[in-house]
Amino acid sequence: MASVRCELFIYEAQSLKDKRSVLQSVLRKVRKRCNVSAAETGYQQTWQRAELSLCAVAASKKSAEAELLRALAIIDQAEAAERTLTNWEWA
């Protein structure tokens with residue numbers, strides 16, 4: 001099992017509604033294309049900052065890491081948000 005916690009900066013968000021719109025779009029793409037669990041886990045009341053947590057369970061560390069790297073690539077493709085900090089955890 002591997003998990004990643006990453007922080008995002010959302011440039012054009014002027015309200016929590018704007019932030020939620022960007023996050024929902026990113027999370028929907030990640031969940032659709034990757035075999036990971038994903039959720040917003042921090043900074044829920046801050047309108048330009050977000051924390052996402054992703055988790056993958058696989059038979060090998062390499063498989064879990066590959067799936068999470070694919071998910072992070074999808075997050076990085078979002079033009080409205082920038083990934084700033086990323087922390088990996090292995091279990």
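We use all heavy atoms of the structure for the numbers below, so side chains are in, but hydrogens, waters and symmetry mates are not. Because the structure is a prediction, the values reported are computed rather than measured.
Taken to the nearest 0.5 Å, the CZ atom of Arg33 stands 11.0 Å off from the CZ atom of Arg28. For the atom pair CD of Glu89 and CZ of Arg5, the computed distance is 5.0 Å after rounding to the nearest 0.5 Å. The CD atom of Gln44 sits 6.5 Å away from atom CZ of Arg20, with the distance rounded to the nearest 0.5 Å. The OG atom of Ser3 sits 9.5 Å away from atom CG of Asn87, with the distance rounded to the nearest 0.5 Å. Here the CD1 atom belonging to Ile74 is positioned 3.5 Å from the SG atom belonging to Cys34, to the nearest 0.5 angstrom.
Under a hydrophobic-cluster definition in which Ile, Leu, Val, Met, Phe, Trp and Tyr are linked whenever side-chain heavy atoms come within less than 4.5 Å, directly or via other members, Leu8 and Leu69 are assigned to the same cluster.
Annotation for Ala50 and Lys19: closest pair CB-CE, 3.8 Å, computed over non-hydrogen atoms. Nearest approach of Glu40 to Leu52, heavy atoms of both residues: CA-CD2, 3.8 Å. A pairwise comparison of heavy atoms in Leu27 and Ala39 identifies CD2-N, 4.2 Å as the closest pair. Considering every non-hydrogen atom in both Ala58 and Ala64, the closest pair reads CB-N, 3.6 Å.
Scanning for side chain to side chain donor-acceptor pair (under 3.5 Å) contacts around Glu7 gives Tyr43, Arg49, with sequence neighbours left out.
Between Asp18 and Ile10 there is no side-chain heavy-atom pair separated by less than 4.5 Å. Side chains of Leu54 and Ile75 form a contact here, defined as non-hydrogen atoms less than 4.5 Å apart.
Listed by first and then second residue, the ring-ring contact (aromatic ring centres under 6.0 Å, His included) pairs involving residues 69-91 are Trp88-Trp90 (not counting sequence neighbours).
The one candidate from Arg83, Arg70, Lys29 that meets the salt bridge (charged side-chain N to carboxylate O under 4.0 Å, His left out) condition with Asp76 is Arg83.
Atom CD of Glu12 has 12 or fewer heavy atoms from other residues, nucleotides or ligands within 6.0 Å.
If you chain together ILVMFWY residues whose side-chain heavy atoms come under 4.5 Å of each other, Trp47 ends up grouped with Leu16.
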